[in-house]
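Please read the structure below before turning to the comments.
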Amino acid sequence: MASVITDNRLTNSQSFMCVGFAGILSKTFTSPLEVVKIKSQVGTFHSKKGFWQTFIRIYHNEGLRGFWKGNLASCLRLFPYTAVHLTTYKTIVHLHMDELGFISQWRAILAGGLAGVAAALATYPLEVAETRLIAQNCRQPTYIGVVHTLSKIYRSEGLLALYRGFSLTFLGAFPFSVGCYAVYMNLDKLWQEPPFRFTPLQNFINGCLAAGVAQTLSYPFETVKRKMQAQSARLPHFGGVDVHFSGMIDCFIQVVRNKGVLSLWNGLTANTIKIIPYFGLLFTCFEMCKQVCLYRNGYIVSPLSYKLTPGVDQSLGPYELEEVKRYLKNRNFESRDSSFGNRW
């Protein structure tokens, strides 16, 4: 059994902003690795000779700016994705909680997978725009900016083009969830102690390990999805895709037939390297933002530490704590006013 860990000392808007800010910073910092990964998945000419050669080719052909193509679309996607994901996840989890607030690990992971699919559906056009912006050469652009990309795809290819390959998000969620479940079910064996005793460092390592295994298992689905997002008969060289296909199944067949099975994992090196700095920054920035919010709400004495404020009930929600403060303030004011009146 696993408890759903939520910090009720933060408001919903504070949790949302903490996740959003941490996500933007970590995505921006690791954008070069994301660009290399997506170019390798699509199969553009930049990515023909491996990980390091892809970096060098992007720099020579597009300059430093080429490493942050599509980052704005990725960051814009983060806020609605987070909002839909958190809302859906909490709704599904609350439906399966027992009376003590516990939920089995596999149900929690399944809830995370379904929430991810719902969030992806709501923000999928931005993911398509990100792929198109990354796949093109920024010195000879077909698309200029996120809005122009979305509008041009819609006008020239139709609404369905903005959701091309979405079914692979749903299909990839299954092996992703299996990977997460397999890791988390064996963490006590890995550390030789129960999960409730894990330190923050252990939880960070657990998250990186789970992400690495889960993303590796679901990676072929993402590779085909990126190819489907990038390919268009209206773009030069069909969008830079290294195989031509008519649909999802045909894409799998053409990739395996022409490039080999292992090409379904092209870009995995960049993706694996990205995991540690991405989750490290995400975790660190989230905790820093959380401390600032907890300090502002009155739960801790400083935004630089987790030392609890003396006399504050940590089980109260932020609005409840504010009501208590207001009540005590008014009572102290009335007490002083009454004492002042008695003197006269």
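Below, all heavy atoms of this structure are taken into account, side chains as well, without hydrogens, waters or symmetry copies.
The shortest side-chain heavy-atom distance between Phe279 and Ile275 falls under the 4.5 Å cut-off. At a threshold of 4.5 Å between non-hydrogen side-chain atoms, the residues Val42 and Asp242 do not count as touching. By the 4.5 Å heavy-atom criterion applied to side chains, Thr149 and Leu133 are counted as neighbours. Annotation: side chain of Val224 is in contact with side chain of Leu264 (closest heavy-atom distance under 4.5 Å). Looking at heavy atoms from C-beta onward, Cys293 lies in side-chain contact with Cys18 at the 4.5 angstrom threshold. Two residues are said to be in side-chain contact when any heavy atoms from C-beta on lie closer than 4.5 Å; Cys289 and Met17 fail this criterion. Under the 4.5 Å side-chain criterion, counting only non-hydrogen atoms from C-beta, Pro236 is in contact with Thr142. Tyr319 has its side chain within reach of Thr11: a pair of non-hydrogen atoms, C-beta onward, lies under 4.5 Å apart.
The hydrophobic clustering, which links ILVMFWY residues whose side-chain heavy atoms are closer than 4.5 Å, places Tyr89 and Tyr81 apart. Under the 4.5 Å side-chain heavy-atom criterion for grouping Ile, Leu, Val, Met, Phe, Trp and Tyr, Leu95 is not connected to Leu86 through any hydrophobic cluster. The cluster map of Ile, Leu, Val, Met, Phe, Trp and Tyr, joined by side-chain heavy atoms under 4.5 Å apart, puts Ile249 and Met228 in the same cluster. With hydrophobic clusters built from ILVMFWY side chains whose heavy atoms lie under 4.5 angstrom apart, Tyr184 shares a cluster with Leu114. Note on Leu162 and Leu126: same hydrophobic cluster, where clusters join Ile, Leu, Val, Met, Phe, Trp and Tyr whose side-chain heavy atoms are under 4.5 Å apart, directly or indirectly.
Taking the centre of each ring, Phe51 and Phe55 come in below the 6.0 Å mark. For Phe286 and Phe21, the gap between ring centers reaches or exceeds 6.0 Å.
Other residues, nucleotides and ligands contribute at most 12 non-hydrogen atoms within 6.0 Å of the CG atom of Leu160. The neighbour count for Leu76 CG, taken as heavy atoms of other residues, nucleotides or ligands under 6.0 Å away, is above 12. A 6.0 Å sphere centred on CZ of Phe16 holds more than 12 heavy atoms belonging to other residues, nucleotides or ligands. Annotation for His237: atom NE2 does not count as buried by contact number, only 12 or fewer foreign heavy atoms lying within 6.0 Å. The local environment of CZ in Phe204 is crowded, with over 12 non-hydrogen atoms from other residues, nucleotides or ligands closer than 6.0 Å.
Tyr278 places no side-chain N or O within donor-acceptor distance of the main-chain N or O of Phe29, the cut-off being under 3.5 Å. Checking side-chain atoms of Asp250 against main-chain N and O of Ser246 turns up a donor-acceptor pair under 3.5 Å. Distance alone, capped at 3.5 Å, places no donor-acceptor pair between the Tyr299 side chain and the Leu10 backbone. In this structure a side-chain-to-backbone donor-acceptor pair under 3.5 Å is present from Ser31 to Phe67. Between the side chain of Gln41 and the main chain of Gly267, no donor-acceptor pair closer than 3.5 Å is present. Within the 3.5 Å criterion, the main-chain N or O of Thr28 finds a donor-acceptor partner in the side chain of Trp68. A donor-acceptor contact shorter than 3.5 Å links the side chain of Ser177 to the backbone of Ala173. The backbone N or O of Phe176 lies less than 3.5 Å from no partner atom in the side chain of Ser218, so there is not a single donor-acceptor pair. In this structure, Glu157 contributes its side chain and Tyr154 its backbone to no donor-acceptor pair below 3.5 Å. With hydrogens and angles ignored, the 3.5 Å screen pairs no side-chain donor or acceptor of Arg9 with any backbone N or O of Gly317.
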Inset, instruction - Start with the C-alpha gap between Thr223 and Trp265, add the side-chain angles, then the distance that decides, and say whether side-chain contact (heavy atoms from CB on, under 4.5 Å) holds. - result: CA-CA 7 Å; Thr223 296; Trp265 280 270; over 6 Å; no
Inset, instruction - Begin with the C-alpha distance, continue with both residues' side-chain angles, and end with the deciding distance and a verdict on side-chain contact (heavy atoms from CB on, under 4.5 Å) for Thr269 and Lys37. - result: CA-CA 8 Å; Thr269 301; Lys37 182 195 82 170; over 6 Å; no
Legend entry - side-chain contact (heavy atoms from CB on, under 4.5 Å) evaluation trace for Gln291 with Tyr295: CA-CA 6 Å; Gln291 284 182 233; Tyr295 172 71; over 6 Å; no
Inset, instruction - Report the C-alpha distance between Asn297 and Gln14 in whole Å, list the side-chain angles of each, state the deciding distance to 0.1 Å, and finish with yes or no for side chain to side chain donor-acceptor pair (under 3.5 Å). - result: CA-CA 10 Å; Asn297 293 347; Gln14 286 174 336; 2.9 Å; yes
Inset, instruction - Check the pair Lys225 / Glu127 against side-chain contact (heavy atoms from CB on, under 4.5 Å), numbers first and verdict last. - result: CA-CA 10 Å; Lys225 180 181 72 173; Glu127 186 178 338; 2.7 Å; yes
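For the pair Lys227 and Phe245, the cation does not sit on the ring face, since its NZ or CZ is not both under 6.0 Å from the ring centre and inside 45° of the axis.
Taking the charged nitrogens against the carboxylate oxygens, Glu34 and Lys39 have no contact shorter than 4.0 Å, which rules out a salt bridge. Arg57 has no carboxylate O lying under 4.0 Å from a charged side-chain N of Glu62, or vice versa, which leaves the two without a salt bridge. Ionic pairing of Glu130 and Lys69 is not present here: no N-O contact between side-chain nitrogen and carboxylate oxygen is shorter than 4.0 angstrom.
A pairwise comparison of heavy atoms in Val93 and Ala111 identifies CG2-CB, 4.0 Å as the closest pair. Of all heavy-atom pairs spanning Ala22 and Ser26, the tightest one is O-OG, 2.9 Å. Nearest heavy atoms, Ala270 versus Val36: CB-CG1, 4.0 Å. Pairing each heavy atom of Ala182 with each of Asn186, the nearest pair is O-ND2, 2.6 Å. Across all non-hydrogen atoms, the minimal contact from Pro141 to Cys138 is CD-O, 3.6 Å. Smallest separation of non-hydrogen atoms from Thr169 and Val117: O-CG2, 4.4 Å.
Residues Thr131 and Arg226 have side chains that bring a donor and an acceptor to within less than 3.5 angstrom of each other. No side-chain N or O of Arg132 forms a donor-acceptor pair with one of Gln229 less than 3.5 Å apart. For Ser156 and Arg234, the side-chain atoms include no donor-acceptor pair closer than 3.5 Å. With 3.5 Å as the limit, one finds no donor-acceptor pair spanning the side chains of Glu222 and Gln215.
A distance of 4.5 Å separates OG of Ser167 from CE of Met248, quoted to the nearest 0.5 Å. A distance of 9.0 Å separates CG of Leu25 from CE of Met288, quoted to the nearest 0.5 Å. If you take OG1 on Thr54 and CG on Leu33, they are separated by 11.5 Å, rounding to the nearest 0.5 Å. Between the CG atom in Leu190 and the CG atom in Leu209 there is a gap of 7.0 Å [rounded to 0.5 Å].
The aromatic rings of Phe166 and Tyr163 sit perpendicular, their planes meeting at an angle over 60°, well past the 30° parallel limit. Note: Phe221 and Phe252 have perpendicular aromatic rings, judged against thresholds of 30 and 60 degrees for the angle between ring planes.
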